[in-house]
A.B. asks: 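Please read through the structure below; I'll follow up with questions.
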Amino acid sequence: GVFLLQLPVQDDIAPVAQVLVYTTAPSREVIADSIKFNVEKCFSNKVDLSFSPSEGLPSSDAHLLLRASPNSLCAVRAVDKSVLLMKPEADLSPSSVYSLLPVKELHDYHHGPDMLLEEPLENCVPLKKIILNGITYSPVVEVNEEDTYSILKVWPSSMVRERNCCFLRPKHDADVVLACLELSVVDIFSISSHSGLQADRFYATLSTPEELTETVRKYFPETWIWSLVSISSEGNADLGVTIPDTITEWKANAFCTSADTGFGLSPTVSLRAFQPFFVELTMPYSVVRGEAFTLKATVFNYLTTCIRVSVTLAQSAHFLAAPVEKEEESHCLCENGRKTVAWLVTPKSLGQVEFSVSTEALQNQQPCGNTIVETPEKGRKDTVIRQLLVEPEGVEKETTQNSVLCVKG
């Protein structure tokens, strides 16, 4: 006969659902079969995370919007994209969370000193063909098929017992063993399910930030957000943040816990910190006092027009600087262009020495070749402030002095 079995698929049976179907013959023999279903790795606590806006200027304000089960507690993280590129396993995902589960599938029970051993195996049961309504049925088992008995063994051996069946040797070399089951008492089990929280996407509209004519960038972290956020009784939270000064893409995600719906994990979302006209510095992490090094400033233009820019290094009493090439008053930069200016720098002070480089789009009527120069409406001047560790000169020397202390007693 054929029957239809409907199984509700919910997150509480992820990542693998095992379905066992069995029937008991009058002879107390169990006929059973099982099958596995891979279930999508999801969670009851539906967490949604988004930035508003999804792109902004450095040092401008933004909002991180969260939605989860009411009264959840969420851990939020936002890091530079380069961090995850160097260590992708640090990014949380449903697969990495489910891999931490100690038990994913049920297979028999744990053996130990307090567990009862199974009864000794009886003589093997011969496998016989069955003739029904003129049709002959022969026992067939697939090679390397998982034994259904390993699932039934979650019950004590006093309830379910395995009989050793005689070997069935086909023409090929593989030996196939058919396991028989004997049932004494079996409790009917059912698959429980509950409806998960359907979370709608949380949207918010923010006013356009004021146009900036100059940006001063000196905050360049690798980890931007590392916070605990409480979700309101309405199921949402709004975290106000300031975008760091790094021109990069920030990757953020969050996981939440709730007394009602349990664990939840948000997808990874991005915020792009970008301005179409900016300067980047290239310098070593540390130098020795008196050691000359090359400080490079590269100006990028992602505007659709040509601009004329000036690049200047602020003077300081802590170092000496001289241009590597002949210094020019301005440089021409067209669409997707870049220009690098370098100085030969010799530090004179110890500790953290600060370098400030500014680039400005000039209101200059001098054309770039045959192209008319335009001045951007915002972000016309960009200043980057970075620190360099200056260490003392010389060679480190260690002196060890030994002494013996005698206790008088």
A.B. asks: Under 30°, 30 to 60°, or over 60°: which ring-plane class applies to Phe43 and Phe263, parallel, tilted or perpendicular?
C.D. replies: perpendicular

A.B. asks: Decide, yes or no, whether a salt bridge links Glu249 with Lys251 under the criterion of side-chain N to carboxylate O below 4.0 Å.
C.D. replies: yes

A.B. asks: Work out which heavy atom in Ser230 is nearest to a heavy atom in Ala237; give both atom names and the distance.
C.D. replies: O-CB, 3.8 Å

A.B. asks: In Å, rounded to the nearest 0.5 Å, how long is the span from CD1 of Ile247 to CZ of Arg272?
C.D. replies: 9.0 Å

A.B. asks: As an exercise, state the distance from CH2 of Trp250 to CD of Glu222, rounded to the nearest 0.5 Å.
C.D. replies: 8.5 Å

A.B. asks: Can you name the residues that form a side-chain hydrogen bond (donor to acceptor under 3.5 Å, both in side chains) with Thr294, not counting sequence neighbours?
C.D. replies: none

A.B. asks: Determine the minimum heavy-atom distance between Arg386 and Val384, stating which atoms define it.
C.D. replies: CG-CG1, 3.7 Å

A.B. asks: Between Ser96 (side chain) and Ser93 (backbone), is there a donor-acceptor pair under 3.5 Å?
C.D. replies: yes

A.B. asks: Under the criterion ring pair (Phe, Tyr, Trp, His ring centres under 6.0 Å), I'd like the reasoning laid out for Trp224 against Phe51: C-alpha separation, chi angles, the key distance, then a yes or no.
C.D. replies: CA-CA 14 Å; Trp224 171 22; Phe51 280 106; 5.7 Å; yes

A.B. asks: Filter on disulfide bond (SG atoms under 2.5 Å apart), then keep only pairs touching residues 232-295, sequence neighbours left out; what's left?
C.D. replies: Cys74-Cys256

A.B. asks: Please give me the minimum heavy-atom distance between Ser330 and Leu362, naming the atom from each residue.
C.D. replies: CB-CD1, 3.7 Å

A.B. asks: Walk me through it: do Ser233 and Asn71 pass the test side-chain contact (heavy atoms from CB on, under 4.5 Å)?
C.D. replies: CA-CA 5 Å; Ser233 57; Asn71 302 317; 4.0 Å; yes

A.B. asks: Check whether Ser316 reaches the backbone of Phe319 with its side chain - one donor and one acceptor, N or O, closer than 3.5 Å.
C.D. replies: no

A.B. asks: Kindly give the heavy-atom pair with the smallest separation between Val216 and Ser59, and that separation in Å.
C.D. replies: O-OG, 4.1 Å

A.B. asks: For Ala62 versus Leu271, what's the shortest heavy-atom pair and its separation?
C.D. replies: CB-CD1, 4.2 Å

A.B. asks: Nearest 0.5 Å, what's the SG-CG distance between Cys42 and Asn45?
C.D. replies: 12.0 Å

A.B. asks: Whether Asp382 and Arg217 form a salt bridge (side-chain N of Lys/Arg under 4.0 Å from carboxylate O of Asp/Glu) is what I want to check.
C.D. replies: yes

A.B. asks: Any chance the side chains of Ser266 and Asn253 put a donor and an acceptor closer than 3.5 Å?
C.D. replies: no

A.B. asks: Just say parallel, tilted or perpendicular for the rings of Phe300 and Tyr302, cut-offs at 30° and 60°.
C.D. replies: parallel

A.B. asks: Side chains of residues 337-357: which donor-acceptor partners sit under 3.5 Å, not counting sequence neighbours?
C.D. replies:
unit_1, atom_1, unit_2, atom_2, d
Thr340, OG1, Thr298, OG1, 3.1
Ser349, OG, His318, ND1, 2.9

